[in-house]
Amino acid sequence: MKQVFANLGFAAAIAVGAFSGTVTSAAAQNLDIYVGPGYHRPPPPDYGRPPPPPGYGYGGDYGRRGCDPRQAVSIARDYGFRRARVSDVTPRRVIVDGYSRRGPDTMVFANVRGCPVMGR
């Protein structure tokens, strides 16, 4: 009798393990059923809303989206530059000159929000 219960428990454990394996693979798939002439996605939530006024969400810069030269100088000073100053601003980059431990040096920042470092 013990042998029958042991075999039955072992078979139940295998069945539960197999069932859980099929459930996870089936849950990874997505099933969409559409009835009608075609699927039409609803408009985004802010579809009828007017655009925000200039300067909204950008602090005091009123729509400036590029790299702020003051922020580029601050980042260059964090990297160890002394007497850092902006030498050139183009639509693509902001160039900061200064002095490092090795002498005169230049850092180049991308002219996008956050001023990521492009080169040193």
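Hydrogens, waters and symmetry mates play no part in the numbers below; they use all other heavy atoms, side chains included. Bear in mind the structure is a predicted one, so any value in this text is a computation, not a measurement. Quick note: residue numbers are just sequence positions, from 1.
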Nearest heavy-atom pair of [X] and [Y]: which atoms, and what distance?
X	Y	answer
R82	R101	NH1-N, 4.3 Å
M118	R92	SD-O, 4.3 Å
G114	I75	O-CD1, 4.0 Å
V94	A72	CG1-CB, 4.0 Å

- So among R77, R70, Q71, which one has a side-chain contact (heavy atoms from CB on, under 4.5 Å) with V73? R77
- Atom pair CG/CZ of D68 and R113 - distance to nearest 0.5 Å: 12.5 Å
- Taking ILVMFWY side chains as joined if any heavy atoms are under 4.5 angstrom apart, and letting links pass through other members, which residues group with Y99? none
- Message: Any non-hydrogen side-chain atom of M107 less than 4.5 Å from a side-chain atom of F81?
- Response: yes
- Message: Is there a side-chain contact between V86 and I95 in this structure, where contact means two heavy atoms from C-beta onward sitting under 4.5 Å apart?
- Response: no
- R85: side-chain contact (heavy atoms from CB on, under 4.5 Å) partners, not counting sequence neighbours: S87, D97
- Got a donor-acceptor contact below 3.5 angstrom from the N111 side chain to the C67 backbone? yes
